[in-house]
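Heads up, the thing below is written out as structure tokens.
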Amino acid sequence: MASPAKAMVAAAAMLLLLSTATVAQHNYGDALHKSILFFEGQRSGRLPPDQRVRWRRDSALNDGATAGVDLTGGYYDAGDNVKFGFPMAFTTTLMSWGLIDFGKNFGSHGGEARAAVRWATDYLMKATATPNTVYVQVGDAFRDHSCWERPEDMDTPRTVYKVDPQHPGSDVAAETAAALAAGSIVFREADPAYSKRLLDRAISVFEFADKYRGAYSSSLYSAVCPCYCDYDGYQDELLWGAAWLHKASRQRVYRDYIKKNEVALGASDSINEFGWDNKHAGINILISKEVLMGKDSFFKSFQVNADNFICTLLPGISNHPQIEYSPGGLLFKVGNSNMQHVTSLSFLLLAYANYASHANVRVPCGGSSASPVVLRRVAKRQVDYILGDNPLRMSYMVGYGERFPRRIHHRGSSLPSVSAHPARIGCKAGTAYYGSSAPNPNLLVGAVVGGPSNTSDNFPDARAVFQQSEPTTYINAPLLGLLAYFSAHPNLPQSDGTD
């Protein structure tokens, strides 16, 4: 049972979420454009002629050479210069999901969003070009994290790490399969030949992930832990990969796989988390669409799991110990980089609201229920908090609004650009910039930082506090679909008439 203090906070948060008070109207289309632009600032490899983030230059042009493969391209995950395959694949899946569900809402930004997905899928195709092998990381994280240098200057080892039959990694391989399958749906109309290549590769990579089972953090512990260690096991990724392959291919083999392995792989595990490490909630939401769209009652149990999960996110309804709301209305989970939970869970709320709306159903929550309108309003409240409707009246997206984080934990943003400072800045020479209180010289427009790390809505805007000031690709990825939807539906009804 929730404590009286938590109950009061939840009640206050619910009032904020359902308030009829007028707030500043946000330009969700502008925020969407900037959120996509952020990914250009995270690009690795040779930059294209139409690169718009001009303070970035080519980097890591020899990635993979030590292993005899081409691993150039892809994204740096956050404020460092390592390419981590696990979060990159999840980022790709979530960007794709946003386009799949809300593609018509992207409007003129659809092309640039697909380009952001393709920058990742092109890399993942390179990383899976060798049969029964997935290259999962480029760069020595410990050596990289001991330096503060631009990606254009980096001289730390670009060590290549892979999973294969002798060193299994079902988690990262199945997530990669999910990313490729989701990407194949995104490009089905825009580039059918590319879409087919993505799906064919997804099928083979999933077969590898399922046949050679094991967690990549067991095979590659010293390289991937603690940065992106798999704390929740590889079982959820196998179901997640199968779910996306079923969606992309419509092959019965994946439908049967999901149902056969539902219990064994933990689909019903009550885990209130969704992110690069844990896919349980996402699996249930994604598969529930089949039921709610009237396509497959075979998966009814997944809808029940999804209903239970959604209820835990609703303030005033849930007393779940893992979910809290700040006095200002921000969804909060204990741990680093809270905004990754805010954006990913809000995306699931919005996606499920659309599925439930199509089916004309409410979400049962014990003795009460919630309409799709309520789910959308909870999700929109989180997006609005990110964009500035919070006690500090600051946007947590760089470059959006009048006040936003200026000292983000990001090497390229915090160091002078190559055009401003052509001479190389060495590994330790960047330390002076890291320790400076001056604003970053380069705006990483669209980057959303980790945000408040406690329930008091405080934010220090300090480069050293990376838990709060570092942006990541997997914070922004689910935000694309949210911003696209709200750019097309900026004014939600206060009620559907039954609330």
Side-chain angles (χ1 to χ4, degrees), residues 32-33 35-40 42-53 63-64 69-75 83 85 88-131 134-135 173-207 240-251 254 286 289 351 473 476-481 483-485 487-488:
L32 171 62
H33 164 70
S35 193
I36 299 169
L37 193 63
F38 157 72
F39 287 94
E40 291 194 13
Q42 296 301 109
R43 283 173 170 171
S44 179
R46 192 173 300 282
L47 303 182
D50 61 355
Q51 170 81 8
R52 293 170 295 180
V53 180
D63 277 2
V69 292
D70 176 12
L71 294 176
T72 56
Y75 290 115
K83 293 192 302 204
M88 194 193 307
F90 175 75
T91 291
T92 309
T93 307
L94 265 291
M95 283 197 291
S96 296
W97 195 354
L99 278 162
I100 292 165
D101 275 21
F102 307 108
K104 64 182 180 181
N105 300 141
F106 276 76
S108 62
H109 304 298
E112 60 188 25
R114 286 191 295 274
V117 171
R118 187 156 187 158
W119 193 266
T121 52
D122 281 352
Y123 174 81
L124 295 177
M125 288 291 280
K126 293 179 180 181
T128 57
T130 303
V134 180
Y135 289 94
E175 179 61 75
T176 301
L180 294 168
S184 76
I185 302 173
V186 169
F187 293 102
R188 187 172 286 163
E189 295 183 5
D191 192 337
Y194 184 64
S195 171
K196 185 179 186 305
R197 290 198 302 273
L198 292 176
L199 182 56
D200 289 345
R201 183 64 58 79
I203 290 170
S204 64
V205 172
F206 182 78
E207 289 174 354
W240 177 244
W244 277 106
L245 278 163
H246 176 250
K247 187 175 181 67
S249 72
R250 309 310 300 176
Q251 292 182 18
Y254 299 111
L286 179 66
K289 184 177 182 179
T473 56
N476 272 59
L479 193 57
L480 302 190
L483 290 169
Y485 180 83
S487 67

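These numbers come from the heavy atoms of this one structure, side chains and all, not from hydrogens, waters or symmetry mates.
Residues that satisfy the salt bridge (Lys or Arg N to Asp or Glu O under 4.0 Å) test with Lys247, not counting sequence neighbours, are absent from this structure. Annotation: salt bridge (Lys or Arg N to Asp or Glu O under 4.0 Å) contacts of Arg118 (sequence neighbours excluded): Asp122, Asp191. Among residues two or more places apart in sequence or in another chain, the salt bridge (Lys or Arg N to Asp or Glu O under 4.0 Å) test is passed with Lys104 by none. The ring pair (Phe, Tyr, Trp, His ring centres under 6.0 Å) search around Tyr485 returns Phe102, His489, not counting sequence neighbours. Annotation: side-chain contact (heavy atoms from CB on, under 4.5 Å) contacts of Pro48 (sequence neighbours excluded): Arg43, Asp50, Gln51, Trp119. Among residues two or more places apart in sequence or in another chain, the salt bridge (Lys or Arg N to Asp or Glu O under 4.0 Å) test is passed with Arg197 by none. Residues meeting the side-chain hydrogen bond (donor to acceptor under 3.5 Å, both in side chains) test with Thr93, sequence neighbours left out: Glu175. Partners of Ser204 by side-chain contact (heavy atoms from CB on, under 4.5 Å), not counting sequence neighbours, listed by chain and number: Arg201. Evaluation of the side-chain contact (heavy atoms from CB on, under 4.5 Å) rule for Asp70 yields Thr72, Lys126 as partners, not counting sequence neighbours. In this structure, Thr176 has no side-chain hydrogen bond (donor to acceptor under 3.5 Å, both in side chains) partners at least two apart in sequence or on a different chain. With sequence neighbours excluded, the residues forming a side-chain contact (heavy atoms from CB on, under 4.5 Å) with Ala202 are Leu180, Ala181, Leu245, listed by chain and number.
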Item to check | Intermediate values then yes/no, side chain to side chain donor-acceptor pair (under 3.5 Å), Tyr194 and Thr121 | outcome: CA-CA 10 Å; Tyr194 184 64; Thr121 52; 2.7 Å; yes
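Among residues at least two apart or in separate chains, there is no salt bridge (charged side-chain N to carboxylate O under 4.0 Å, His left out) pair with a member in residues 177-190.
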